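See structure below.
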Amino acid sequence: YRNNFLGEPGVKKSYQCYEKALHKMILLEPKAKKIKFSLQYQIGKMFCYGIGTEQNPEKAEEYLSLSAKAGNLNAGRMLGRELLTGENLLKDTRRGMKLLSECAENGDLYAVYLLAKFLLKNTEYRNPVRAMELLNQAAEGGNVSAQKLLETMQGHQNQMLADTSFRLFVGLSRI
């Protein structure tokens with residue numbers, strides 16, 4: 001319903017379906033064994049973004065933390081990203097960086113990319129050298145977003161060099 005795959009747009013119907021699914025997942029979660037961490041991740045995501053329910057940052061963080069502790073890299077990455085941005089959860093930069101770093105160490109290339117982007121943007125934690133190492137690691141591992149960002153950065157670098165060279169030649173011609 002949400003993506004109009006059933007031939008009729010239905011935001012309200014979509015919300016009702018998500019609401020029902022969330023309720024069933026919450027009931028199933030304590031009894032689940034093998035899929036418990038997946039349910040916790042889905043429940044946390046729904047509370048985080050207000051899917052089928054009102055946004056609830058506390059519950060979102062609780063469920064995402066449980067799932068991340070069980071080894072779910074998706075939950076760890078999502079929780080880390082949300083803690084870094086402070087968009088849907090209370091901002092906690094240190095914890096966010098720690099979670100993304102743990103995911104990156106466990107081979108999550110998207111977490112490597114997110115950590116690199118954060119290190120490039122954030123003034124307090126800005127570390128371009130480390131960010132470039134991480135971007136190259138993610139790109140070499142096949143992360144398309146990291147590859148595109150590196151290409152864009154190289155394009156800007158080439159443009160800066162060309163502009164500098166042009167200014168140098170203009171200056172020399174005046175002399």
Side-chain angles (χ1 to χ4, degrees), residues 2-3 5 18 21-22 24-53 55-158:
R2 186 173 118 197
N3 295 326
F5 290 138
Y18 279 123
L22 176 62
K24 299 274 186 194
M25 284 190 280
I26 289 172
L27 291 175
L28 180 62
E29 186 261 336
K31 303 172 203 157
K33 292 187 180 8
K34 292 182 180 179
I35 63 166
K36 187 172 187 147
F37 72 92
S38 293
L39 284 173
Q40 291 166 336
Y41 168 64
Q42 291 300 328
I43 294 167
K45 190 163 85 169
M46 292 174 89
F47 279 124
C48 186
Y49 299 128
I51 302 170
T53 185
Q55 277 188 300
N56 187 325
E58 293 81 21
K59 283 188 177 184
E61 189 170 341
E62 174 189 342
Y63 280 103
L64 289 171
S65 293
L66 289 170
S67 184
K69 284 178 187 169
N72 186 336
L73 291 179
N74 292 325
R77 179 189 339 107
M78 180 181 172
L79 182 57
R81 182 186 67 230
E82 292 297 335
L83 290 170
L84 281 181
T85 65
E87 290 175 17
N88 297 298
L89 301 179
L90 187 61
K91 190 171 188 168
D92 185 342
T93 306
R94 287 181 196 255
R95 187 164 167 234
M97 284 187 62
K98 181 178 184 260
L99 284 163
L100 281 181
S101 296
E102 288 171 1
C103 290
E105 289 169 12
N106 286 313
D108 184 341
L109 293 176
Y110 194 62
V112 173
Y113 167 72
L114 290 173
L115 194 55
K117 274 184 58 176
F118 177 77
L119 291 174
L120 284 172
K121 283 184 190 177
N122 191 285
T123 53
E124 183 182 347
Y125 290 89
R126 187 165 169 80
N127 185 345
V129 174
R130 179 69 180 136
M132 292 305 292
E133 290 172 1
L134 291 169
L135 276 177
N136 283 313
Q137 177 187 344
E140 288 168 8
N143 184 292
V144 177
S145 299
Q147 292 168 353
K148 287 180 182 177
L149 182 57
L150 282 172
E151 288 169 9
T152 302
M153 291 172 74
Q154 283 178 327
H156 288 298
Q157 233 176 3
N158 292 342

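Predicted, not measured: the structure shown is a model, and the values here were computed from it.
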Which atom pair, heavy atoms only, marks the closest approach of Arg95 to Leu79?
NH2-CD2, 3.7 Å
Pair Leu28, Ile26 - check side chain to side chain contact (heavy atoms under 4.5 Å, CB included), show working.
CA-CA 6 Å; Leu28 180 62; Ile26 289 172; over 6 Å; no
Keeping Asp108 on the side-chain end and Ala104 on the backbone end, is there a donor-acceptor pair under 3.5 Å?
no
What I'd like to find out is whether the side chain of Thr53 reaches to under 4.5 Å of the side chain of Ile51, using heavy atoms alone.
no
Under a 4.0 Å N-O cut-off, is there an ion pair linking Arg130 with Glu133?
yes
Testing the 3.5 Å rule here: is there a donor-acceptor pair between the side chains of Glu82 and Tyr49?
yes
Measuring from atom CD of Glu140 to atom CD of Gln147, what distance do you get when rounded to the nearest 0.5 angstrom?
9.5 Å
Leu119 vs Arg126 side-chain heavy atoms within contact, under 4.5 Å
no
Minimum side-chain heavy-atom gap Tyr125-Arg94 below 4.5 Å:
yes
For residues 29-48, please give each side-chain donor-acceptor pair under 3.5 Å, one per line with the distance, not counting sequence neighbours.
residue	atom	partner	partner atom	Å
Glu29	OE2	Gln40	NE2	3.0

Any Asn88 side-chain heavy atom under 4.5 Å of Gln55 side chain:
yes
When rounded to the nearest 0.5 angstrom, what is the spacing between CZ in Arg81 and CZ in Arg77?
7.5 Å
Please determine whether the number of non-hydrogen atoms from other residues, nucleotides or ligands lying under 6.0 Å from atom CG of Leu90 exceeds 12.
no
Under the side chain to side chain contact (heavy atoms under 4.5 Å, CB included) test, residues paired with Ala68 that sit two or more places apart:
Ala75
Below 4.5 Å, heavy atoms only, C-beta onward: do Cys103 and Met78 meet side chain to side chain?
no
Contact summary for Ala116 and Leu134, nearest pair of heavy atoms:
CB-CB, 3.7 Å
Where do Leu115 and Ser101 come nearest, in terms of heavy atoms and distance?
CD2-OG, 3.5 Å
Is there side-chain contact between Tyr110 and Leu114, with at least one heavy-atom pair below 4.5 Å?
yes
Here the gap from Ser67 atom OG to Leu73 atom CG, rounded to the nearest 0.5 Å, amounts to 9.5 Å
Look at the side chain of Asn143 and the backbone N and O of Ala139, then say whether any donor-acceptor pair between them is shorter than 3.5 Å.
no
For the residue pair Leu83 and Leu100, establish whether any side-chain heavy-atom pair is separated by less than 4.5 Å.
no
Atom pair CG/OG of Leu135 and Ser145 - distance to nearest 0.5 Å:
10.5 Å
